[in-house]
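First comes the structure, then the notes that go with it.
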Amino acid sequence: MADNLADLWQYIDQNFQEKFSNFSYKAWIATAKPVAIRNNQLIISVPTQLHKDYWERQLMVPVVELVYQYTQKELTPIIQVAQSSDDNPETAQFGSPEETEEVEKDEKNPDYLRETHLNDKYTFDTFVIGTGNQMAHAAALVVSEQPGQTYNPLFLYGGVGLGKTHLMQAIGHQLLKNDPHAKVKYVTSEAFVNDYITSIQTHRMEQFRLEYRTCDLLMVDDIQFFAEKEGAQEEFFHTFNELYNNHKQIVLTSDRLPNDIPKLQERLVSRFKWGLSVDITPPDLETRTAILRNKANAEQLDIPDDTLGYIAAQIDSNVRELEGALVRVQAFAQMKKTPVTTSLAADALKGLKATATEEIPISRIQRIVARYYHVTVQELQGKKRVKAIVNPRQIAMYLARELTDNSLPKIGQEFGGRDHTTVIHGYDKIAGELKDDPALRDSLNELKSMIREQDGDN
Ligand SMILES: Nc1ncnc2c1ncn2[C@@H]1O[C@H](COP(=O)(O)OP(=O)(O)OP(=O)(O)O)[C@@H](O)[C@H]1O
């Protein structure tokens, strides 16, 4: 029976592989697994509810037909969501070198790119699927195939540098590929706010509205910067309604859920929740290695697998940093005029870590923490004892101790001349909370990445 099932599945899989585009195949088919044939049912396991929905909507009839072709029997497909992440397919099967090369030939500068501001590297083909982004990727794919119909708005959220912008723009590319005349607009929320202000100043509201309210796909990146921008929120509310009512697709990204964006109007929060919110979590080691392999292939860098694995093991939270590490290793090899090896990578990255710890000033930590929690640096250094300030203050102290070599009295001094015992108390409190608060852990990882990034304090 097991062999029959495997053979049947191979037949189904091959057929789908021929019919589907490379990335659709990878998203929907390669992630599914046959579980069993029993009581005239073919049980198929898929990784998320979203995959289940897609299979049930799109793939039931073809599966029944393929099963019949192969076995002359009628089986009813039953789609189940996999119970544990062990059931999920492995990242290693995605993005093999051959696939990457093939994709690149197809995708070289399609005409439509000139008409938009999308980054031509941010396509579905260059996106590596892993456990942390599988659902977001699948949702993005559905939206690009059925804009305005299934998940509207699509709200992608997650930590810094995890591929939100990449996925969002991939939707734009794909939609334009399917319909080159579609009006696709990508903006950061800051650009939206600036356009809005400039339009008011120059009495060009009509043009502004024409521009934003006639899109087929509007993508607004980093929507959390809407916090406190009252006028722009008001305008966006009307833009949203107009697009939504006309079944036009809206895609938003943020570093957190709509509920957690401070000072976001309640009616926007509730609208953002009308569609689907999906988070992206940091990639596991296997996915990180696959991302590096893809990038190395794309740039035609000759780097052994164990070295890529080593680099992937060093940077564990942020894909942008991961790519930066690869660039650094490559530059180091060029400078030394030697091939890239694991020990060379270790040397190159040791330098990176050393500079990072040496150079982080406490003021940068305070600035970034303050911005993240929407308080002021003065409040972090001041005496107020309200929770909304005490918490960020203790987090900043914790990070100052974790990320710098400053003594406890020195840290205390930077926080409004506090005693070193206050710093220890703050540190211990956060360290204790971290143990059973995954959301806090995510926030701290994010903050650490922002603080370590060279330009993170702008
Ligand atoms: N799964 C992935 N496969 C391939 N590249 C990826 C993946 N995830 C992230 N990247 C790459 O990492 C870099 C950072 O991604 P991106 O800018 O999309 O992150 P982000 O989540 O939008 O970050 P931010 O919060 O800073 O806006 C990009 O170069 C992107 O191509």
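Since the model is a prediction, treat every value here as computed from it, not as a measurement. Counting starts at 1 for both ligands and their atoms, following the listed order.
- Salt bridge absent: R328 and E323 never bring a charged side-chain N and a carboxylate O closer than 4.0 Å.
- In terms of protein heavy-atom proximity, atom 6 (C) of ligand 1 is nearest to V319 CG1, 3.7 Å.
- Scanning all protein heavy atoms for the shortest distance to atom 17 (O) of ligand 1 gives R320 NH2, 3.0 Å.
- Atoms of ligand 1 found under 4.0 Å from any heavy atom of N133 (numbered from 1 in listed order, with element): 1 (N).
- The protein atom (non-hydrogen) at minimum distance from atom 30 (C) of ligand 1 is H166 ND1, 3.4 Å.
- Checking only distances, I291 never comes within under 3.5 Å of ligand 1, N or O to N or O.
- Taking Q330 as the reference, nothing meets the side-chain hydrogen bond (donor to acceptor under 3.5 Å, both in side chains) condition, with sequence neighbours excluded.
- For the pair R271 and F237, the cation does not sit on the ring face, since its NZ or CZ is not both under 6.0 Å from the ring centre and inside 45° of the axis.
- Atom 23 (O) of ligand 1 has as its closest protein heavy atom G161 N, 2.8 Å.
- Ranking protein heavy atoms by distance to atom 7 (C) of ligand 1, first place goes to F127 CE1, 3.8 Å.
- Atom NE2 of H247 is surrounded by 12 or fewer heavy atoms from other residues, nucleotides or ligands within 6.0 Å.
- T165 OG1, 2.5 Å is the protein heavy atom nearest to atom 22 (O) of ligand 1.
- By the side-chain hydrogen bond (donor to acceptor under 3.5 Å, both in side chains) test, K448 is found to be paired with no residue, residues two or more places apart in sequence or in another chain being considered.
- For atom 3 (N) of ligand 1, the nearest protein heavy atom (residue, atom name, distance) is V128 N, 2.8 Å.
- Contacts of E323 with ligand 1, taken as heavy-atom pairs under 4.0 Å, involve the side chain alone.
- The part of T126 lying near ligand 1 is the backbone, judged by heavy-atom distances below 4.0 Å.
- Salt-bridge formation is not detected for the pair E234/K229: no Lys NZ or Arg NE/NH1/NH2 atom is positioned less than 4.0 Å from an Asp or Glu carboxylate oxygen.
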